[in-house]
Amino acid sequence: MIDLHIHILPGVDDGAKTVYTALQMAEMAEDTGTDIMVVTPHANMPGIYENTYDDHYKEKFRLLERTFQEQHLQIQLIQGMEIFVTDDVVEKLDRHELITLNHTRVPLVEFDFNEHFDYMQTMLQTLIDHHYQPLLAHPERYRTFRYEPEKMALLKQMGVLIQVNKSSVLGHFGRSIQKCADFFLNHGWVDVAASDAHGVRSRTPELDDLYYYLDAEYGLAETLLEDNPRRILSPAKVK
Ligand SMILES: [Fe+2]
């Protein structure tokens, strides 16, 4: 399986604090069927996690890759980030200060959980106008969709890709978030499911439980955890 959203790059955000925790996360993931992982640290979040694609990022990535090899982990690591959308996001992507998933045309993007729908729609359209195809992280957690999940139809018509979280789908974030994810899944609006793991105690990286649930409830496990992620990561996605 492919995990397109995981906070495993150590010491850069609220995910793995150390290489040791990152290794524990990777072992958990490998034991439960993950073979490819896109590291997606929070980035461009003003005043909190202002990570960019700089030497620090590249050094941390190389260190993690080397550690995986030394520990004989088979998981393939791929570069990415979870980009907090600001007005200047397109310029920063164009300058490669921020990066997409695997340097394709697909950025993984997030907003404040209380962000207004109109701002999200405007910024997602701006990205599309500049030939990016945004993958919106965990919209089921955003207030606007929990109250009006049907608004997602507007974003889908625009071509926005949707990623839901394991914890949302399985109900670990509560009933209303699970219901919202269920609404999206039943409408066929979800493109990717991912762990969005932050550690080894809560929000963990195993994907097997999610696979079984998606398979049993929706028949979508292979599509959301393997086929669509693989397609998104292939370099020629969008011109
Ligand atoms: Fe995340």
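All values below were derived from every heavy atom in this structure, side-chain atoms included, with hydrogens, water molecules and symmetry-related copies excluded. Read the numbers this way: they start at 1 and go in the same order the structure lists the ligands and their atoms. If you're wondering where the values come from, they're calculated on a predicted model, not measured in any experiment.
Considering just the N/O/S atoms of Glu82, the one nearest the Fe ion (ligand 1) carries the name OE1. Nearest N/O/S atom of Asp196 relative to the Fe ion (ligand 1): this is OD1.
Residue His138 is tested with Phe111, Phe113, Phe173 for a ring-ring contact (aromatic ring centres under 6.0 Å, His included); the sole match is Phe113. The salt bridge (Lys or Arg N to Asp or Glu O under 4.0 Å) with Asp191 is formed by just one residue from the set Lys156, Arg230, Arg231; it is Lys156.
Among the backbone and side-chain atoms of His198, no N/O/S atom is found under 2.8 Å from the Fe ion (ligand 1). Not one N/O/S atom of Glu110, from backbone or side chain, sits under 2.8 Å from the Fe ion (ligand 1). Counting backbone and side-chain atoms alike, His5 contributes an N/O/S atom closer than 2.8 Å to the Fe ion (ligand 1).
Between the side chains of Glu140 and Ser168, at least one donor-acceptor pair of N or O atoms lies under 3.5 Å. Between the side chains of Gln178 and Arg175, at least one donor N or O sits under 3.5 Å from an acceptor N or O.
Remark: Lys58 qualifies as a cation-pi partner of Tyr53 under the 6.0 Å distance and 45° angle criteria applied to the six-membered ring.
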